[in-house]
Amino acid sequence: MEKKKIFISRKIDEKGLKMLSEYKSFEVEMNSEDRVLPRDELIERARECDALVTLLTDKISADVIESLGSNLKIIANYAVGYDNIDVNAAKAKNIVVTNTPEVMTQAVAEHAMALMICCARRIVEGDQYVRDKKYKRWEAELLLGPEIASKTLGIIGIGRIGSALAQIAYHGFGMKILYHDINRNEEIERTLQADYASLNHLLEHSDFVSIHVPLLPSTKHLIGHEQFKIMKKNAILVNTARGPIVDEHALAEALEDKKIFAAGIDVFEFEPNPVAKLLELDNIVFTPHIASATHEAREAMAECVAENIIAVLHDRPAKTPVK
Ligand code: GLV
Ligand code: GLV
């Protein structure tokens with residue numbers, strides 16, 4: 001029997017590899033080097049594969065899909081976001097695209113909360129202050145920031161991750177939840193006393209704003225100059241979704257002019273580099289796109305990737321196909 005070839009563009013958690021290698025009918029090949037494969041090399045190595053596992057650093061355009069040959073049945077993205085893949089081009093060739101939703105929801109929601117706390121309580125500035133040996137004695141006015149309890153959290157995008165953050169914020173901190181989305185979420189309204197709001201109303205009334213929408217043409221620069229003008233002066237903006245949703249030049253200006261209090265960002269408009277001006281500011285906390293980086297999430301993401309591939313290569317429906 002001819003083996004089905006699975007190509008993995010870069011190392012994923014062992015668990016997924018193990019699940020795939022248990023099938024004698026599969027031949028698993030992986031780029032185990034610590035680098036992203038350039039386009040041509042990816043095509044070369046993945047050519048005529050039946051399944052391709054991608055990371056969000058792999059840009060899978062229509063012409064890449066075309067060049068991979070006619071055996072390809074599934075592109076399994078090791079991520080929840082899939083803006084790196086031309087899903088329509090895949091669909092046109094009957095190739096299923098899958099992502100890893102649900103399994104990383106809690107990890108990302110916890111990270112968004114962590115950034116909120118870091119910004120409010122100025123954890124990173126405090127750390128630097130100690131390292132720089134500036135801490136001489138207790139100071140009553142040192143590194144003050146807002147308390148979180150009872151403040152209003154505006155959540156843009158109330159899908160799985162946005163809802164998980166709402167739970168943490170409501171149950172853990174007694175925050176008032178406002179949300180904006182293209183759809184109403186009645187369960188959140190009922191169970192967390194959350195209120196639906198227009199984007200402008202949310203920005204105008206929130207002390208914390210956290211973004212949880214996918215990157216789409218309609219969400220690019222959703223937050224820019226106009227939006228920063230509306231936000232509260234004490235507001236903290238958190239982005240763990242995709243960088244281009246925020247206009248980073250506008251963010252730099254807003255932070256510099258103190259139009260908002262601070263920002264915590266895990267994703268960048270021009271990955272992997274924040275715009276230069278942001279790096280000079282104290283009222284911003286960066287993390288290097290690690291919102292889903294828990295041991296639990298990575299293992300479950302790899303498991304989800306493997307389950308999708310096993311299903312599709314056995315002519316069964318994928319577990320988590322993207323729409
Ligand atoms: C990470 O950004 C993901 O989309 O999984
Ligand atoms: C992603 O998993 C979301 O729905 O927020």
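Atoms within each ligand, like the ligands themselves, are counted from 1 in listed order. Values reported hereafter were calculated over all heavy atoms of this structure, with side chains retained and with hydrogens, waters and symmetry mates removed.
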(request) Please could you name the atoms of ligand 1 that Ala79 approaches to less than 4.0 Å, counting only its heavy atoms? (result) 3 (C), 4 (O), 5 (O)

(message) For Asn99, which part has a heavy atom under 4.0 Å from ligand 1: side chain, backbone, both, or neither?
(response) neither

(message) Tell me whether Lys229 is salt-bridged to Glu226, with the criterion being a basic N under 4.0 Å from an acidic carboxylate O.
(response) yes

(message) So, regarding Ser292 and ligand 1 (criterion: nitrogen or oxygen to nitrogen or oxygen, under 3.5 Å), is there a contact or not?
(response) no

(request) Output the list of atoms in ligand 1 that are nearer than 4.0 Å to some heavy atom of Met104, sorted by atom number. (result) 3 (C), 5 (O)

(request) Salt-bridge test for Lys134 and Glu139: reply yes if a basic N is under 4.0 Å from a carboxylate O, no otherwise. (result) no

(message) Geometry only, no angles: is Gly81 polar-contacting ligand 1 at N/O separations under 3.5 Å?
(response) yes

(request) Would you tell me whether Thr240 and Asp266 have side-chain atoms, one donor and one acceptor, within less than 3.5 Å of each other? (result) no

(message) Would you say the rings of Tyr196 and His201 are close, in the sense that their centroids are separated by under 6.0 Å?
(response) no

(request) May I ask you to say whether Asp86 pairs ionically with Lys59, meaning some side-chain N is under 4.0 Å from a carboxylate O? (result) no

(message) Tell me whether Val80 has any N or O atom under 3.5 angstrom from an N or O of ligand 1.
(response) yes

(message) With a 4.5 Å cut-off on side-chain heavy atoms, are Glu29 and Arg45 touching?
(response) yes

(request) Taking the six-membered ring for Trp and the single ring otherwise, decide whether the centroids of His212 and Tyr179 are under 6.0 Å apart. (result) no

(request) Would you check whether Tyr78 has a nitrogen or oxygen atom less than 3.5 angstrom from a nitrogen or oxygen atom of ligand 1? (result) no

(request) Would you mind running through ligand 1 and noting each atom that sits below 4.0 Å from a heavy atom of His289? (result) 1 (C), 2 (O)

(request) Mind checking whether Met301 contacts ligand 1 via backbone (N, CA, C, O), side chain (CB onward), both or neither, at a 4.0 Å heavy-atom cut-off? (result) neither

(message) To check your reading of the model: name the closest protein heavy atom to atom 1 (C) of ligand 1, its residue, and the distance in Å.
(response) Leu56 CD2, 3.3 Å

